[in-house]
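Working notes, beginning with the structure itself.
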Amino acid sequence: MLVTGPRGTKDILPEASGNWQYIEQVIRDICRLYLYKEIRTPVFEHTELFLRGIGETTDIVEKEMYTFTDRGERSLTLRPENTAAVVRSYLENKLYADTLLNKLFYIGPMFRYDRPQAGRYRQFHQFGVEALGSKGPAIDAEIIMLAVQLLRKLGLDDLTLYLNSVGCPQCRPIYREKLQDFLREKTSHLCSDCQSRFERNPMRVLDCKKEKCTEETQGAPHIVDCLCDECSTHFNHLKSLLTLAEVDFKLNPRLVRGLDYYTKTAFEIQYAPLGAQSAVCGGGRYDGLVAECGGQPTPGIGFAIGIERILLALEKQKLLPVFSNTIDVFVAPMGIDMQGIAFKLLCNLRENGITAEMDFMEKGIKWQMKQANKYSAKFVAIIGEEEAAQDKIMLKNMLTGVQELINIDEVQQKIELDVEA
Ligand code: ATP
Ligand code: MG
């Protein structure tokens, strides 16, 4: 019996990997423009890091982590997201000693025990950025612009940027109480998850996707009405910067996180046609996270974009580029005896940067010509016994149909001339 891949995982097959390389290239180009540098951390970390860095009352930690004990009895977890790991690495490697502001990005696989469906997998990929060191709203605006510019560059429209502020440890407790007062009589109508959230993390009730909970929380107080002066100034300043940059946004009071180390700015970018998996980008400020991970208090902000969801959106809008698989030369030996000469020519061409292929299946010339057409080869270099005896080959221009008997050491020059023309 065949062993299949684990549920919720996907192979990126040869015909799709070009799309991934394309997106990754656009990401790298944008990060270069914005001066974000790549950081690559391991795919597993001590479980403890995620308990602290994501929060024990979140869905991720409660239900979605791939946690295992290794042979040395350590509890390890496949990273479900990467902010905590970037902060860990930032502290462990003292990146703060080099510069006041660290601007970092990553691309890589994340692992969550989610319910697999279109746009939701157990191994998926995120592109994320983290800026560590600045507390002002300008960096929030820059980070949001980076996400917006990336999505625009890929050609996506129909995107909505949602914005909220979740306050800080000064003002949030007041809001939390207000919200609990509002929810108290409604708890029995909420889903069981939300009933337990009511005490532990009431702001997350606002985030619940269940219809009944959304209904019951209509009319809930908004956190932006409870912000302290500092948070409110920060939020207003951010909004004015985004307006200056001509970025549209919608305020969404339901965008919450509700853990102490998430502060001020929260944002999400949605691509509505993806339905239940419409969130393509989620981000926000986490001024308390570095201290939570054992460092000196350091402000930070970041986002993560789901690459599979971007790909789905690009497919839907027919925005994926068409890749050419054409080659310059197909080398066709007429018979096994000519293989050595063919192989030598092939190596030579490739060493000189000419895309070339030859027959490895030891087939006849008819089949080889078909192969050459499949590759849309510009030339076929036919190596026959008589010609080879005089160090010559027959070079066929596949576009014009013209065949020429030329010296084997002229092939490269001939092709280069034509490819340039
Ligand atoms: P959702 O509400 O869809 O579960 P989330 O709030 O769990 O999203 P974040 O933790 O903010 O998502 O992650 C950032 C982005 O990563 C999401 O906006 C989404 O594009 C992507 N993402 C999250 N979980 C998955 C998954 N299981 N499969 C594919 N992409 C995912
Ligand atoms: Mg999720």
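Remember, it's 1-based here, ligands and their atoms both numbered in the order they're listed.
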Quick one: which of R112, E268, Q123 has a heavy atom closest to atom 9 (P) of ligand 1?
R112
Starting from atom 22 (N) of ligand 1, find the nearest protein heavy-atom neighbour and note its residue, name and distance.
F124 CE1, 3.5 Å
For T214 and R254, which I'm curious about, is there any donor-acceptor pair between the side chains at under 3.5 Å?
no
R120 heavy atom under 4.0 Å from ligand 1:
yes
Is the shortest distance from a Lys or Arg side-chain nitrogen in R197 or D59 to a carboxylate oxygen in the other one below 4.0 Å?
yes
Right, does atom 4 (O) of ligand 1 have protein non-hydrogen atoms nearer than 4.0 Å?
yes
Looking only at protein heavy atoms, which one is nearest to atom 21 (C) of ligand 1, and how far off is it?
G306 CA, 3.6 Å
Would you please classify the geometry between the F323 ring and the Y22 ring as parallel, tilted or perpendicular, with 30° and 60° separating the classes?
perpendicular
Between D207 and K209, does the salt bridge (charged side-chain N to carboxylate O under 4.0 Å, His left out) criterion hold? Intermediate values first, please.
CA-CA 6 Å; D207 191 33; K209 303 285 186 294; 3.7 Å; yes
Closest non-hydrogen protein atom to atom 11 (O) of ligand 1, residue and atom name please, with distance?
G282 CA, 4.2 Å
Heavy-atom proximity to atom 14 (C) of ligand 1, best of Q126, R122, Q270
Q126
If you measure from the Lys or Arg side-chain nitrogens to the Asp or Glu carboxylate oxygens, is any gap between R79 and E81 under 4.0 Å?
no
Sidechain N-carboxylate O distance under 4.0 Å for D29, R32:
no
Quick look: R309 vs ligand 1, heavy-atom contacts under 4.0 Å, and the answer is side chain
Are D70 and R74 ion-paired here, with the side-chain N under 4.0 Å from a carboxylate O?
yes
Is the shortest distance from a Lys or Arg side-chain nitrogen in K135 or D287 to a carboxylate oxygen in the other one below 4.0 Å?
no
For ligand 1, does E81 get within less than 4.0 Å through its side chain, its backbone, both, or neither, judged by non-hydrogen atoms?
neither
Per atom 20 (O) of ligand 1, closest listed option by heavy atom (A279, P80, G283)
A279
Tell me, which protein residue and heavy-atom name are nearest atom 29 (C) of ligand 1, and how many Å apart are they?
G119 O, 3.3 Å
Closer than 4.0 angstrom, basic N to acidic O: yes or no for R350 and D328?
no
Show the atoms of ligand 1 that are less than 4.0 angstrom away from any heavy atom in D114.
24 (N), 26 (C), 27 (N)
Looking only at protein heavy atoms, identify the closest one to atom 28 (N) of ligand 1 and say how far it is in Å.
Y121 N, 3.0 Å
